[in-house]
Amino acid sequence: NKPCHKYSGLLQCSDCGCSFVAKVRKTKGNPDRVEYICNGYHRYSELECTSHRIREEKLDQIVQAELDGIRMVFDDLWTNVEEDVKKWAAGKSTAEKRLQNLKERSCITEYQIQQILMERIEDKQNADMYDKMVESRRNDIENFKKEVYDIENIDKTIKERKATLKHSIELLDDIIAEN
């Protein structure tokens, strides 16, 4: 039947481990204020804990400062994404050369696998060694393919990063605006 307070259930006493409870303090001539006090002290007085109190306004200031700090981090992240886009655009010709190089290396490695398998057929005594060589080449090909995919889809990746970051910034701005 009592109103729900913002920080109810979120604060815990570092001395006794009890949660903090909200208390409305009324004084003549002043508006009511909300304080959070250690429930161990509130219930059992000095037997359980000492008097710990914090005003809701002070908690609001702490949370606001933390949100402002997080917002600054998001601004830095946004700047980093923009710089990454500029770097990518400046080095696009280099990336295209890298892409061609990776595709060529993948083809060469496929050919090497074929050669190793042919040798394996003739040298059955060292089959394990040839299997390891083939596995190593297949891992190389997978790495080449992954890098090719990353380069070919960099625009999509950047757009996804920007969209996610923009959504998070908007959400954080809404929270800050609501106090």
Side-chain angles (χ1 to χ4, degrees), residues 1-92 94-95 98-99 102 135 138-179:
N1 295 335
K2 295 182 182 179
C4 181
H5 297 284
K6 296 185 221 189
Y7 302 105
S8 291
L10 297 176
L11 305 172
Q12 185 176 13
C13 179
S14 62
D15 290 340
C16 70
C18 289
S19 62
F20 275 58
V21 293
K23 293 292 172 195
V24 178
R25 303 292 184 197
K26 299 179 184 224
T27 56
K28 288 184 179 181
N30 293 322
D32 294 349
R33 71 175 193 272
V34 178
E35 282 185 344
Y36 292 86
I37 63 171
C38 172
N39 201 27
Y41 176 77
H42 171 69
R43 285 187 167 182
Y44 308 107
S45 76
E46 289 89 15
L47 297 174
E48 182 70 25
C49 197
T50 57
S51 175
H52 303 295
R53 306 171 188 275
I54 187 163
R55 288 186 176 190
E56 193 170 63
E57 297 86 26
K58 181 66 176 168
L59 289 169
D60 289 342
Q61 292 170 359
I62 292 169
V63 169
Q64 186 66 39
E66 194 65 30
L67 289 173
D68 291 340
I70 293 170
R71 182 62 171 91
M72 287 174 41
V73 168
F74 275 109
D75 286 340
D76 291 344
L77 289 173
W78 185 263
T79 302
N80 290 342
V81 169
E82 291 295 324
E83 289 172 5
D84 288 347
V85 169
K86 288 177 185 174
K87 286 179 187 175
W88 166 251
K92 195 167 186 175
T94 306
R98 175 79 178 144
L99 189 61
L102 288 168
E135 186 63 30
R138 286 187 177 145
N139 288 339
D140 290 345
I141 289 172
E142 285 303 313
N143 290 336
F144 296 151
K145 286 180 180 179
K146 183 186 178 312
E147 196 170 341
V148 166
Y149 178 83
D150 290 345
I151 291 172
E152 288 177 341
N153 294 298
I154 191 75
D155 291 334
K156 179 182 173 187
T157 303
I158 289 173
K159 286 178 184 175
E160 287 173 357
R161 279 180 63 192
K162 286 177 82 171
T164 302
L165 195 54
K166 184 176 181 181
H167 175 71
S168 297
I169 289 171
E170 290 170 352
L171 185 62
L172 188 59
D173 284 344
D174 290 345
I175 291 169
I176 291 172
E178 288 177 14
N179 255 346

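Taking all atoms of both residues into account, the shortest heavy-atom contact from Gln12 to Gly17 is NE2-O, 3.0 Å.
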With a cut-off of 3.5 Å and sequence neighbours excluded, list every side-chain donor-acceptor pair involving residues 76-83.
from  : atom 1 : to     : atom 2 : distance (Å)
Thr79 : OG1    : Asp75  : O      : 3.0
Asn80 : ND2    : Asp76  : O      : 3.4
Glu82 : OE2    : Lys162 : NZ     : 2.9

Distance-only criterion, 3.5 Å: show the donor-acceptor pairs between side-chain atoms of residues 26-39 and protein atoms not counting sequence neighbours.
from  : atom 1 : to    : atom 2 : distance (Å)
Thr27 : OG1    : Asn30 : ND2    : 3.4
Arg33 : NH2    : Glu35 : OE2    : 3.2
Glu35 : OE1    : Arg25 : NE     : 3.0
Tyr36 : OH     : Tyr7  : N      : 3.3
Tyr36 : OH     : Glu56 : OE2    : 2.8

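The stretch residues 167-179 participates, sequence neighbours left out, in these salt bridge (Lys or Arg N to Asp or Glu O under 4.0 Å) pairs: Arg71-Asp173. Sorted by first then second residue, the salt bridge (Lys or Arg N to Asp or Glu O under 4.0 Å) pairs that include residues 4-18, not counting sequence neighbours, are Lys6-Asp60.
Side-chain contact between Cys49 and Cys13: present, with at least one pair of heavy atoms (C-beta onward) separated by less than 4.5 Å.
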TODO: For the pair Arg138 and Glu142, evaluate side chain to side chain contact (heavy atoms under 4.5 Å, CB included) and give the outcome as yes or no after the intermediate values.
DONE: CA-CA 6 Å; Arg138 286 187 177 145; Glu142 285 303 313; 5.8 Å; no

Open item on the list: Evaluate Arg53 against Phe20 for side chain to side chain contact (heavy atoms under 4.5 Å, CB included), listing each step before the verdict.
Closed with: CA-CA 9 Å; Arg53 306 171 188 275; Phe20 275 58; over 6 Å; no

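Here Cys16 contributes atom SG and His52 contributes atom NE2; the two are 6.5 Å apart, rounded to the nearest 0.5 Å. Of the inter-residue distances, the one linking Lys166 atom NZ with Ile169 atom CD1 reads 9.5 Å to the nearest 0.5 angstrom. For the atom pair CG (Leu102) and CD (Glu152), the distance works out to 10.0 Å, reported to the nearest 0.5 Å. Put simply, CZ on Arg55 and CD on Gln61 are 10.5 Å apart, with the number rounded to the nearest 0.5 Å. For the atom pair CZ (Phe74) and CG (Leu165), the distance works out to 6.5 Å, reported to the nearest 0.5 Å. Note that the CG atom of Asn139 and the CG atom of Asn143 stand 6.5 Å from one another [nearest 0.5 Å].
Judged as a side-chain hydrogen bond (donor to acceptor under 3.5 Å, both in side chains), and not counting sequence neighbours, the contacts of Gln64 are Asp68. Among residues two or more places apart in sequence or in another chain, the salt bridge (charged side-chain N to carboxylate O under 4.0 Å, His left out) test is passed with Lys146 by Asp150.
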